[in-house]
Amino acid sequence: MANSIWFDMDGTIAELYKVDGWLTSLRESDWRVYDRCLPRHNFERINRAIEALSESGWQVGVITWASKGIGWGKEMDAITETKFAWLCRFFPALADGRFACIPYGYDKGQFMLEMGDGYDISYLVDDNKEVRAAWRKHGENFKTIDASRSFHRAIEGLVL
């Protein structure tokens, strides 16, 4: 088995909350707002660390939420497509990994368990304290990195 590391997007690697009018855009179903955000500061360095993790045998990937109130279907597909295109542009190392856009509020750790891959250790890099706490409730092999602060050194420390 291998280790895995999963990245949230909004507020973690994508600066969605710094886009003018982001909440209004989401409320109006303007999913292009996901394409307008800038990447996280130090994104090139973060991408290099992700590449190194992948090359060392880690499963890398993204587990991101769609907008609140969006379930599986055409709107979810549109959000997924927009977010993945953004990821390809700024984080190509993650675009080569696994990618999941799931309904807002869905337990990310539970989703990973439902994928059924099984890893020795699974990290979640997320800016949301409650999401990180929910992830850790799935067991001692579920670890988190707080993305509300600078986190590039933490992921570099896993491999470099």
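- The six-membered or imidazole ring of W65 lies away from that of Y106, with a centre-to-centre distance of 6.0 Å or more.
- Contact check for W86 versus K83: no side-chain heavy atoms found under the 4.5 Å cut-off.
- Looking at P103 and W72, their side chains come closer than 4.5 Å, going by heavy atoms from C-beta outward.
- Heavy atoms only, all atoms of each residue included: A93 and I50 are closest at CB-CG2, 3.5 Å.
- R40 places a side-chain N or O within donor-acceptor distance of the main-chain N or O of A147, the cut-off being under 3.5 Å.
- If you take CD1 on I121 and CH2 on W58, they are separated by 6.5 Å, rounding to the nearest 0.5 Å.
- The line from CG of N42 to CD of E156 is 8.5 Å long, rounded to the nearest 0.5 Å.
- Across all their heavy atoms, C101 and M76 have their closest contact at O-SD, 3.6 Å.
- Formation of a donor-acceptor pair under 3.5 Å by the N128 side chain with backbone atoms of V131 is found in this model.
- Contacts of A134 classified as side-chain contact (heavy atoms from CB on, under 4.5 Å), with partners at least two apart in sequence or in another chain: D107.
- Residue E81 qualifies as open at atom CD: its count of foreign heavy atoms under 6.0 Å is 12 or below.
- Here the side chain of R132 pairs a donor or acceptor atom with the backbone of D126 at under 3.5 angstrom.
- Listed here is the closest heavy atom pair of R45 and R153: NH2-CG, 4.1 Å.
- For the atom pair CD1 of I46 and CD of E51, the computed distance is 12.5 Å after rounding to the nearest 0.5 Å.
- Atom-to-atom distance recorded for L16:CG and L23:CG is 9.0 Å, nearest 0.5 angstrom.
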Self-check item: side-chain contact (heavy atoms from CB on, under 4.5 Å) between F84 and V62, worked out
Solution: CA-CA 10 Å; F84 189 73; V62 169; over 6 Å; no
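- Annotation: R27, atom CZ; neighbour count of heavy atoms from other residues, nucleotides and ligands within 6.0 Å does not exceed 12.
- A donor-acceptor distance shorter than 3.5 angstrom exists from the side chain of W135 to the backbone of K143, with no hydrogens or angles considered.
- Side-chain contact between S67 and W31: present, with at least one pair of heavy atoms (C-beta onward) separated by less than 4.5 Å.
- Contact of the D35 side chain with the R89 side chain is registered, since non-hydrogen atoms from C-beta on lie closer than 4.5 Å.
- Side-chain contact of T12 with D127: a donor-acceptor pair under 3.5 Å is present, judged by distance alone.
- Scanning all heavy atoms of the two residues, the minimum distance from L94 to G61 falls at CD2-O, 3.7 Å.
- Side-chain contact between K108 and D8: present, with at least one pair of heavy atoms (C-beta onward) separated by less than 4.5 Å.
- Side-chain atoms of T82 come within 3.5 Å of backbone atoms of A78 as a donor-acceptor pair (strictly under, hydrogens ignored).
- Counting heavy atoms from C-beta on, the side chains of S4 and R98 never come closer than 4.5 Å.
- The closest side-chain heavy-atom distance from E44 to H152 is not below 4.5 Å.
- In the hydrophobic clustering of this structure, L38 does not group with M9; members are Ile, Leu, Val, Met, Phe, Trp, Tyr whose side-chain heavy atoms approach within less than 4.5 Å, directly or through other members.
- Here the CG-CD1 distance, from D77 to I70, works out to 11.0 Å after rounding to the nearest 0.5 Å.
- Contact check for W6 versus Y119: side-chain heavy atoms found under the 4.5 Å cut-off.
- With no hydrogens or angles considered, a side-chain donor-acceptor pair links S25 and R36 at under 3.5 Å.
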Exercise. Take T64 and F99 through the test side-chain contact (heavy atoms from CB on, under 4.5 Å) and record every step on the way to the result.
Key: CA-CA 8 Å; T64 183; F99 180 84; 4.2 Å; yes
Exercise. May I have the step-by-step check of side-chain contact (heavy atoms from CB on, under 4.5 Å) for N47 and F90, ending in yes or no?
Key: CA-CA 8 Å; N47 200 65; F90 294 109; over 6 Å; no
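- The line from CZ of F142 to CG of L124 is 10.0 Å long, rounded to the nearest 0.5 Å.
- S56 and V159 make their closest contact through OG-CG2, 3.1 Å (heavy atoms, listed as atom of the first residue, atom of the second, distance).
- The backbone N or O of N3 lies less than 3.5 Å from no partner atom in the side chain of D120, so there is not a single donor-acceptor pair.
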Quiz item: Passes side-chain contact (heavy atoms from CB on, under 4.5 Å), D146 versus F151? Steps please.
Solution: CA-CA 7 Å; D146 183 353; F151 64 87; over 6 Å; no
